[in-house]
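Notes for the one structure printed next.
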Amino acid sequence: GGVVTFVEAIRQGIWEEMERDERVFVIGEDVGVYGGAFKVTDGLIDYFGPERVIDTPISEAAIVGAACGAALMGMRPVAEFQFIDFISCGFDMLTNFAAKCRYRWGAGIPAVFRGPCGAGVHAGPFHSQNVESFFMNTPGLKMVEPSNPYDAKGLIKAAIRDPDPVLFFEHKKLYRLPRLRQEIPEDDYIVEIGRARVAREGHDLSIITFGAQVLTALDAAEELEREGLDIEVIDLRTLLPLDRETILASVRKTSRALILHEAPRTGGIGGEIAGLIAEEAFEWLDAPVVRIGATDTPVPYSPPLEEYHLPQVKDVVDAARRLAAY
Amino acid sequence: GGVVTFVEAIRQGIWEEMERDERVFVIGEDVGVYGGAFKVTDGLIDYFGPERVIDTPISEAAIVGAACGAALMGMRPVAEFQFIDFISCGFDMLTNFAAKCRYRWGAGIPAVFRGPCGAGVHAGPFHSQNVESFFMNTPGLKMVEPSNPYDAKGLIKAAIRDPDPVLFFEHKKLYRLPRLRQEIPEDDYIVEIGRARVAREGHDLSIITFGAQVLTALDAAEELEREGLDIEVIDLRTLLPLDRETILASVRKTSRALILHEAPRTGGIGGEIAGLIAEEAFEWLDAPVVRIGATDTPVPYSPPLEEYHLPQVKDVVDAARRLAAY
Amino acid sequence: HLVEIVEGVQAPAIDEGLICSLETGLTREQMLELYYYLKLTRLVEERLVNLYRQNKVIGGVYRSLGQEATAVGTCYALEPGDFIAPLIRDLGAVLTKGIRPRAIFAQYMAKAWGPSEGRDLNIHFGDMERGFIGPISHLGDMIPVMTGVLLAARMQQKKIVAIAYIGDGGMSTGAFHEGLNFAAVQRLPLIVVAEHNCYAYSTPTHKQTAVKNLADKAAGYGIPGYIVDGNDIIACYETTKRAVDFARSGGGAVLIEAKTYRRKGHAEHDDQRYVPREELELWEKRDPVDRYERHLTSQGIATREELDQITARIKQELEEEVAWAESSPLPEPERAAYNVYDNSIVPPAFRPKVLER
Amino acid sequence: HLVEIVEGVQAPAIDEGLICSLETGLTREQMLELYYYLKLTRLVEERLVNLYRQNKVIGGVYRSLGQEATAVGTCYALEPGDFIAPLIRDLGAVLTKGIRPRAIFAQYMAKAWGPSEGRDLNIHFGDMERGFIGPISHLGDMIPVMTGVLLAARMQQKKIVAIAYIGDGGMSTGAFHEGLNFAAVQRLPLIVVAEHNCYAYSTPTHKQTAVKNLADKAAGYGIPGYIVDGNDIIACYETTKRAVDFARSGGGAVLIEAKTYRRKGHAEHDDQRYVPREELELWEKRDPVDRYERHLTSQGIATREELDQITARIKQELEEEVAWAESSPLPEPERAAYNVYDNSIVPPAFRPKVLER
Amino acid sequence: PSNGERGAERIFVSPIAARMAAEAGINLRTLKGSGPGGRIIKRDIEAAIEASRQAAPRLAE
Ligand SMILES: Cc1ncc(C[n+]2csc(CCOP(=O)(O)OP(=O)(O)O)c2C)c(N)n1
Ligand SMILES: Cc1ncc(C[n+]2csc(CCOP(=O)(O)OP(=O)(O)O)c2C)c(N)n1
Ligand SMILES: [Mg+2]
Ligand SMILES: [Mg+2]
Ligand SMILES: [Mg+2]
């Protein structure tokens with residue numbers, strides 16, 4: 001509870017779940033004494049002890065594998081990737097072991113795999129990636145990416161309680177963003193996995209997005225409001241499974257869809273969303289389904305390059321304006 | 001040259017490139033004396049010797065990494081995954097090292113990574129996957145999947161000559177399919193990467209597909225022809241980068257698009273194609289953009305389950321018929 | 001920690017005549033039970049080959065012919081609460097853990113009554129109650145998973161140990177390394193049984209690793225390494241028992257190399273053209289079932305007749321088990337779409353709904 | 001192969017007074033060149049911290065303070081045609097390989113004239129001409145890559161060797177294992193220098209591995225392992241030279257453990273709260289630059305004044321290099337979209353074209 | 001959910017039909033679609049164009 005930052009909300013969520021349920025434990029690189037590279041697990045080891053806050057070797061496959069093994073035994077592991085970019089080293093374990101276990105022999109893996117994602121902090125090609133598209137085609141996994149402290153806390157708690165493996169992405173730009181500081185309830189609450197949120201209501205056009213780009217979309221919407229355009233912003237929150245109903249309802253209302261994500265445009269999960277709309281909201285469309293993503297390149301390091309690479313408010317404003325006028 | 005199977009076409013392509021260019025070599029598990037699990041590299045070691053046909057330990061990350069290192073030195077490695085499912089163990093190396101090297105410091109990786117993909121042979125969840133969606137959002141990689149011997153040979157040769165990393169998927173059901181036996185030219189030829197093929201011309205509806213599903217689409221088209229429907233079938237051949245022009249031209253002609261792939265529907269590359277169409281061929285659309293894929297599950301093993309899981313000719317016929325009548 | 005060579009073992013130069021090199025505390029009953037599982041493994045596989053030839057098996061059959069003693073002997077050293085993660089060639093361990101042959105037959109025939117209900121193949125299923133974690137194909141992956149199983153057990157104050165099996169080939173994977181290293185750091189009671197059967201598919205061990213003994217790899221993890229004659233079932237049992245006791249009492253992980261030999265190809269379709277004939281002949285003489293029978297009879301532990309009775313009992317049992325499995329239907333097609341998630345009573349969406357109106 | 005402890009080395013209990021434990025065949029000139037690179041590394045990093053404090057560096061600065069002798073001494077044993085794959089803390093190796101400080105400054109300031117043209121950071125670039133393969137962040141990945149470099153070189157009949165650097169942390173990765181194992185099987189001339197600096201980010205070595213010495217891991221690959229005092233630049237050079245000669249003459253891969261210490265945090269932002277003060281004080285006394293200066297002066301190889309002259313020369317050089325880097329523009333934004341593929345003269349499509357009409 | 005004018009009843013029309021109608025100056029509100037649920041699709045516009053072409057000469061008479 002209290003007025004919290006994004007990072008503090010996640011920390012609280014993990015803390016409360018550990019307190020509530022002794023099966024919950026934390027595992028990852030430097031999550032103990034150091035409290036994690038971004039201090040998401042700060043203080044946990046002092047309170048819960050090193051048996052429940054486990055520092056590992058630099059071994060992402062082992063972290064994922066061990067979390068799976070522990071989950072099979074009924075524990076509720078919360079595994080951290082120091083940067084989500086390193087999930088690539090645990091990719092096999094996630095897609096082949098974690099995702100398929102229940103289907104193959106009914107053994108659920110109630111584990112959370114979390115870490116900082118996203119660009120915009122000049123961290124270069126290996127500390128800036130958005131990895132959701134890697135997993136979008138792997139049934140058995142769930143994916144979550146919150147955009148504000150309230151959701152972050154509610155979703156991390158829901159993820160920990162979820163009976164299946166959940167990938168939980170935290171945009172590192174949001175961790176300490178003053179703008180996001182927010183009062184959250186003292187009482188226990190969760191935000192249901194699988195439910196998108198209408199971040200802003202509008203009638204002229206739907207921007208469908210998630211994570212840090214929700215802020216880009218809201219800023220663009222505000223700018224466009226001054227031009228008399230009434231923009232709806234959908235914050236997906238859960239990326240897999242997508243909340244089809246909320247997406248479709250919004251597009252059926254506005255008849256114009258702009259999909260926005262931070263990963264490169266080609267092959268990003270925007271395609272899945274566009275496909276959904278072009279199939280199931282087709283008759284309500286008044287204009288092409290438009291996607292905005294980053295350039296089809298790795299994330300460059302130097303500020304001017306990175307700015308060009310990433311979708312900016314002006315890109316969204318420009319595209320939305322044209323799309324509304326289409 | 002000669003009348004060849006799919007597998008023989010690939011073998012010929014590799015063979016000829018090794019003969020033509022001494023920088024080309026083969027690396028992978030059991031590719032030498034055994035000739036590869038599917039005998040794609042059969043006989044190569046006898047002719048080219050063990051220095052150019054390298055059996056490795058069971059180490060996919062090392063296979064990819066070593067191919068990258070050799071490529072940096074000017075060699076032209078052709079690396080085999082015994083089953084493409086094991087590409088998950090080389091995922092990190094492919095997406096982070098191979099894909100980003102040129103962008104980061106101008107160093108190209110002219111390497112080919114190939115292996116048998118696909119389901120339908122009752123090989124279960126770990127020997128049946130289609131993995132293209134894992135890589136669709138990683139700029140720097142190319143992806144190719146042929147559907148017949150002529151293309152297979154022309155594309156493997158083009159892939160080997162390509163200056164950038166190419167993932168080359170071979171649907172295992174096609175390897176020895178009698179129906180695909182085909183006369184191919186004696187003379188050296190390539191099939192350009194990045195170019196789709198109109199596998200069948202038609203005016204009523206476009207089926208956009210690739211790999212073994214091209215056969216499903218053609219069979220469906222034939223059946224529908226008897227009902228008076230004139231179906232166009234696009235064989236993508238290259239999955240990354242997509243041949244946008246060919247896809248768009250077809251849909252602009254037929255106004256109806258059905259995308260078909262063997263991977264699970266959600267998160268498959270069908271989304272990217274649907275997104276492209278819904279954006280750039282929108283004004284030519286007369287009906288929803290429709291996708292058919294496998295069930296959103298792992299690939300089950302037992303024949304009735306696998307058959308249900310996979311798109312069948314009847315599913316395509318049924319959907320195309322309804323879509324044409326829409 | 002230096003690699004410890006368990007007495008009398010020198011494979012591949014194993015003395016053919018050698019029968020059981022270790023003093024054992026096993027009772028006669030236990031020794032006959034060991035024989036039961038050993039012979040059961042052999043006969044289940046023979047039955048599978050049989051079904052395969054009748055085209056009743058979907059997919060391949062992966063034999064452990066000649067190396068059954070390793071899986072059975074090592075697994076027999078576990079207590080009921082302990083865990084295993086076997087590989088395809090560890091059918092013996094699966095049976096020793098109490099999985100019934102019917103489950104195996106149903107799996108191989110892709111039947112609805114099989115433990116994976118036709119979703120996965122051969123021993124790719126698990127049974128948490130019996131302490132059997134189902135493997136996946138991707139070699140090495142089970143080592144980290146078992147590390148997690150034991151990490152959990154420690155948190156749950158369970159005093160269990162686990163065996164993870166790995167091949168000479170699988171040890172080359174990154175997952176093996178990451179998992180065993182983590183287990184060693186955490187001093188978890190993980191026994192890794194390295195089945196040195198001289199081939200990984202067609203690849204001989206010297207192309208897989210430059211070490212002389214697989215047990216030499218223990219030094220890289222700071223854990224003890226043992227070498228045992230994998231065709232000597234009592235030696236396998238005793239060595240593992242020692243490792244189990246060590247691990248259970250807090251000593252941490254152990255690597256056991258069992259020197260043995262894969263007498264069949266990688267699977268039934270593999271013609272083994274890469275294998276010298278003499279090698280096969282040599283190892284035929286070292287057959288672990290024959291050896292154990294010689295041991296039991298020559299030491300007066302059992303008579304030939306008693307062993308034959310056990311065999312007869314197994315054969316009868318297998319007839320019933322096969323009949324049961326054969327009587328199972330194939331799974332209902334629509335089941336393919338269920339149970340990806342816990343809450344997937346409803347199958348996930350995957351067909352174009354919009355056309356259904 | 002047993003681990004060979006190169007004389008006089010016993011870190012972390014290294015004798016503080018110890019200066020250069022090995023006989024060396026280096027000429028005076030070479031020894032001064034070594035000093036040049038050692039001091040250059042120290043001063044380039046100090047200059048970077050300086051620029052960092054002025055907010056001119058984009059991102060973090062990762063110091064190798066206290067361990068510079070390892071990178072410089074080992075790399076100095078290579079011939080010009082040989083290759084290295086350094087890690088962030090191996091700036092010394094990069095400089096020794098002939099990369100100019102201007103390249104480093106331009107990289108750290110994300111400038112257009114930097115070797116990656118602002119696309120990647122710090123030493124994340126490469127130079128094939130100088131035998132420098134640019135690393136990526138993902139630890140361990142460079143070991144397989146260097147294996148491939150050497151595999152290619154062998155096919156090209158080049159008699160080169162390569163050094164791949166790895167940390168006490170990075171050795172826990174699967175990629176490290178797969179790469180070194182493959183190099184060992186192929187008997188490739190790969191020298192893996194394991195920089196045992198006692199921490200991986202905040203993680204002490206005993207949480208990373210259960211081995212006593214990182215060199216113990218050599219046994220798991222069937223290759224020789226050496227241990228060397230990483231703060232003794234001559235010992236680093238001599239040991240590596242021996243390994244290089246062994247490797248180049250066909251002996252295969254070698255693992256060298258350099259015992260040293262990371263005196264700064266993981267990066268400038270890290271407050272090192274997990275580090276005991278006494279440890280830092282102890283290792284300050286073992287500073288490799290001081291030690292080498294004492295050695296050079298006490299052995300009569302150089303006078304204090306000569307060393308000061310070298311330092312002055314470096315400082316002057318660095319002023320020019322920094323000035324050059326500062327004068328570079330930032331990259332043009334649109335460059336972000338180019339050169340993903342060889343043929344990407346045209347940037348790839350990424351914005352909604354349909355709206356542009 | 002409108003095709004431009006807020007508040008008005010939506011006309012269900014495929015994009016290509018909408019474009020063809022606009023080009024031919026056909027008022028969509030005068031048409032009844034033959035697609036599912038009365039949706040206006042390409043062939044309805046084609047029919048409307050054909051109909052007006054046949055109607056046109058008679059007017060010129
Ligand atoms: C990561 C991975 N790569 C490749 C394979 C394909 N494959 C299946 S079994 C096998 C050989 C295994 O050899 P080994 O580990 O020695 O076990 P054995 O078959 O001898 O029991 C290979 C390469 C795999 N299963 N997993
Ligand atoms: C695969 C992978 N996981 C995590 C990280 C994040 N990371 C960067 S440096 C570091 C610690 C490295 O320690 P070590 O290998 O000992 O090198 P040192 O920093 O001590 O030189 C970690 C965990 C990484 N770069 N790669
Ligand atoms: Mg995708
Ligand atoms: Mg083997
Ligand atoms: Mg370190």
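Proteins get letters first, then strands, A, B, ... in listed order; numbering begins at 1 in each.
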**Report entry** Shortest non-hydrogen contact between B:Leu155 and B:Pro146, atoms and distance
**Finding:** CD1-CB, 4.0 Å
Requested in this report: Please report the closest heavy-atom contact between B:Leu224 and B:Ala320, naming both atoms and the distance.
Outcome: CD1-CB, 3.5 Å
Query - Toward chain E, the part of B:Ala325 with a non-hydrogen atom under 4.5 Å - result: backbone
Report task. Take B:Val313 and B:Val316, measure what side chain to side chain contact (heavy atoms under 4.5 Å, CB included) needs, and give me the verdict at the end. Result -> CA-CA 5 Å; B:Val313 173; B:Val316 177; 5.8 Å; no
Requested in this report: Using the side chain to side chain contact (heavy atoms under 4.5 Å, CB included) rule, take B:Ile259 and B:Ile277 through it: C-alpha gap first, then chi angles, then the decisive distance, then the call.
Outcome: CA-CA 10 Å; B:Ile259 301 155; B:Ile277 293 169; 4.3 Å; yes
Requested in this report: Would you please name every residue forming a ring-ring contact (aromatic ring centres under 6.0 Å, His included) with B:Phe91, sequence neighbours left out?
Outcome: A:Phe91, A:Phe134, B:Phe135
Report summary line: Which of B:Leu276, B:Val233, B:Leu236 passes side-chain contact (heavy atoms from CB on, under 4.5 Å) with B:Ile208? It is B:Leu236
Taking only distance into account, so ignoring hydrogens and angles, what donor-acceptor contacts under 3.5 Å exist between chain E and chain B?
| residue | atom | partner | partner atom | Å |
| --- | --- | --- | --- | --- |
| E:Ser14 | OG | B:Asp286 | OD1 | 2.5 |
| E:Ile16 | N | B:Glu283 | O | 3.4 |
| E:Ile16 | N | B:Leu285 | O | 3.0 |
| E:Arg19 | NE | B:Glu283 | O | 3.2 |
| E:Arg19 | NE | B:Glu283 | OE1 | 3.2 |
| E:Arg19 | NH2 | B:Glu283 | O | 3.2 |
| E:Lys42 | N | B:Asp286 | OD1 | 2.8 |
| E:Lys42 | N | B:Asp286 | OD2 | 3.1 |

